[in-house]
Every structure is written in C-alpha cells, then in structure tokens.
Amino acid sequence: MGLIHIDLFTTLDGVAQAPGGPEEDPESGFEFGGWQAPLFDDVVGQQIDSGMEGMDALLLGRRTYDIFSSFWPHQDGGIAQLFNRIPKYVVSRQSLNPEWEGTSQLGPDVVASLRELRNKHENIHVIGSLDFVQTLFAERLFDQLNLWVYPILLGRGKKVFAGGVVPSNLRLIEPVVASPKGAVMQRYALVEGTPGVGDMSAGD
C-alpha cells in the first residue's frame, strides 16, 4: 500500500501560509507572502530535491492546485518535469475543469478515494494545501509528515495545526538537518497509538 506524505514549510510559530510569494495566498490580508525566500539556501534546495525521490503522484487542495497549474506547466528543470509528468489529484467541492495534463478530481468520498490512490501509487505527496491537510490530520490519513521549520515568527496566518488534529504519535525517521540560514528539516512517520502520559516526579 502506498504512502501519503505531507510536505510543508512553516515558521517557528506554525504559520505555513504563502511561503513562496506575495500573491500566493493573500487571504485575510496576509502581508508576509514569500517569507521563505530570504531563508532559502543550497541545503534547503538539496533536501527538497531528495525528498521528492520516488514521488509518483501529487495530491492537492484546490487553492494550491490553482497556483501550481498556473506555474509549473510553463517551467523547465527537474521539479517541473516531475510535476508535469506524474498524475495530479485535486480535492475540491467545486467542479474542476483541469487544464494541467494528468489532473483528476477526487470524488466526494475522500476517504474512499485516498484508499484507491494508495493502491495505485507508492509515494503520494501533499504539498501546501493547508485546508485539506487539516482533514488528513483529523482523520489520520497520512503516513509521513515532512516539515521545514524556519527561524522566524509571524504571529498571524494559516497554521500547520489549525485545530483539526487528533492525539497521535509520530516517530522521527531521519536525523534532523539544519541549513546555514537556520531552517531545520524534520521528517516524521505516523505510528499507532495515542500519546502516553506519566509522572515526572515518580521515583523522587
């Protein structure tokens, strides 16, 4: 059965809205669009490239799909070639007229659709798509969470964990990687069970 990866860039206070550019997602007057750009370096680029190895499908929310479909078909290079080649699946309540080759819209039963995708693909990546990601967290419908955490605080904006998570255990599956500009890459796998509790004073 295939794996669903969630790939996100986030600030230290958990803001993941519009990392790539000023016009990416200005919803609610967000004025920090493009906050990732000044902190991007070669290590970040290398880790992004390596994280895409084996990717054989993209799974996107509607807003992220619209951004990607207006940009990547007109680009060259490794990431563009990958994104343009592999199947793209879009989760949206609105009807979709896909112009990006290889795009399909998932049916209204997201859980059933994701089960079918897992049987068709080995490594499905969700990039951005913050609203949709909340559903994946709430339903535990993901296998790996890949977070680039950047050393800034924004104080406002859409959050990675926006209140839809359920108690879950994660396991760090690779050593943490830090970039020269202070971004930290963390890759976690979802594991069974819920967080345990204890008494730190026990044994005193």
Side-chain angles (χ1 to χ4, degrees), residues 3-53 55 58-65 67-68 71 79 123-191 193-198 200:
L3 303 178
I4 295 178
H5 305 248
I6 298 174
D7 304 330
L8 294 172
F9 304 108
T10 176
T11 66
L12 274 173
D13 56 335
V15 175
Q17 184 171 350
E23 303 303 321
E24 182 178 326
D25 182 6
E27 186 175 336
S28 301
F30 186 67
E31 68 269 33
F32 294 106
W35 53 262
Q36 180 192 14
L39 297 169
F40 195 90
D41 55 35
D42 288 343
V43 171
V44 173
Q46 291 165 5
Q47 286 293 312
I48 291 173
D49 288 344
S50 66
M52 293 185 180
E53 292 179 2
M55 179 191 300
L58 270 175
L59 176 61
L60 304 170
R62 179 60 181 268
R63 181 184 294 273
T64 300
Y65 173 78
I67 294 168
F68 277 26
F71 179 78
I79 293 178
N123 289 288
I124 306 158
H125 283 247
V126 182
I127 301 175
S129 308
L130 285 174
D131 292 338
F132 173 50
V133 162
Q134 304 312 311
T135 298
L136 299 179
F137 286 149
E139 300 294 335
R140 290 173 56 94
L141 290 172
F142 70 99
D143 301 284
Q144 188 167 322
L145 175 61
N146 307 311
L147 289 178
W148 265 114
V149 183
Y150 287 78
I152 55 173
L153 303 171
L154 295 182
R156 57 174 305 205
K158 297 178 183 178
K159 299 291 187 71
V160 172
F161 305 109
V165 300
V166 295
S168 302
N169 291 323
L170 301 176
R171 175 173 55 86
L172 188 68
I173 56 176
E174 293 182 9
V176 170
V177 175
S179 79
K181 292 188 177 181
V184 178
M185 179 65 205
Q186 305 167 41
R187 289 189 170 96
Y188 296 95
L190 179 68
V191 296
T194 56
V197 299
M200 294 296 290

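Reckoned from all heavy atoms, side chains included, excluding hydrogens, waters and symmetry mates.
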Between [atom1] on residue [X] and [atom2] on residue [Y], distance to nearest 0.5 Å:
X: Y150; Y: T10; atom1: OH; atom2: OG1; value: 10.0 Å
X: I48; Y: F9; atom1: CD1; atom2: CZ; value: 3.5 Å
X: I6; Y: N146; atom1: CD1; atom2: CG; value: 9.0 Å
X: M185; Y: L147; atom1: CE; atom2: CG; value: 7.0 Å
X: L3; Y: Q144; atom1: CG; atom2: CD; value: 7.5 Å

Looking only at heavy atoms, which two atoms of [X] and [Y] are closest? And how far apart?
X: A16; Y: P19; result: O-CD, 3.5 Å
X: I152; Y: T11; result: O-CB, 3.3 Å
X: D41; Y: P180; result: OD2-CD, 3.2 Å
X: P151; Y: A183; result: CD-N, 4.0 Å

Are [X] and [Y] side-chain neighbours, meaning at least one heavy-atom pair lies under 4.5 Å?
X: Q17; Y: R156; result: no
X: S168; Y: T194; result: no
X: V15; Y: F30; result: yes
X: L39; Y: W148; result: no
X: K181; Y: V44; result: no

Can I get a per-line list of side-chain donor-acceptor pairs under 3.5 Å for residues 125-137, giving both atom names and the distance, sequence neighbours left out?
residue	atom	partner	partner atom	Å
H125	ND1	D7	OD2	2.6
S129	OG	G61	N	2.9
S129	OG	T64	OG1	3.4
S129	OG	I127	O	3.0
Q134	OE1	A162	N	3.1
Q134	NE2	L130	O	3.2
Q134	NE2	V160	O	2.8

**OP:** Please name the residue in the list N123, D143, L145 that meets the side-chain contact (heavy atoms from CB on, under 4.5 Å) test with H5.
**Re:** N123
Subject >> Set of residues satisfying side chain to side chain contact (heavy atoms under 4.5 Å, CB included) with respect to P38, sequence neighbours excluded >> reply: none
**OP:** Scan R187, Q47, Q186 and name whichever one has a side chain to side chain donor-acceptor pair (under 3.5 Å) with E174.
**Re:** R187
Original post:
Is the backbone N or O of L154 less than 3.5 Å from a side-chain atom of D13, with the two atoms forming a donor-acceptor pair by type?
Top reply: yes
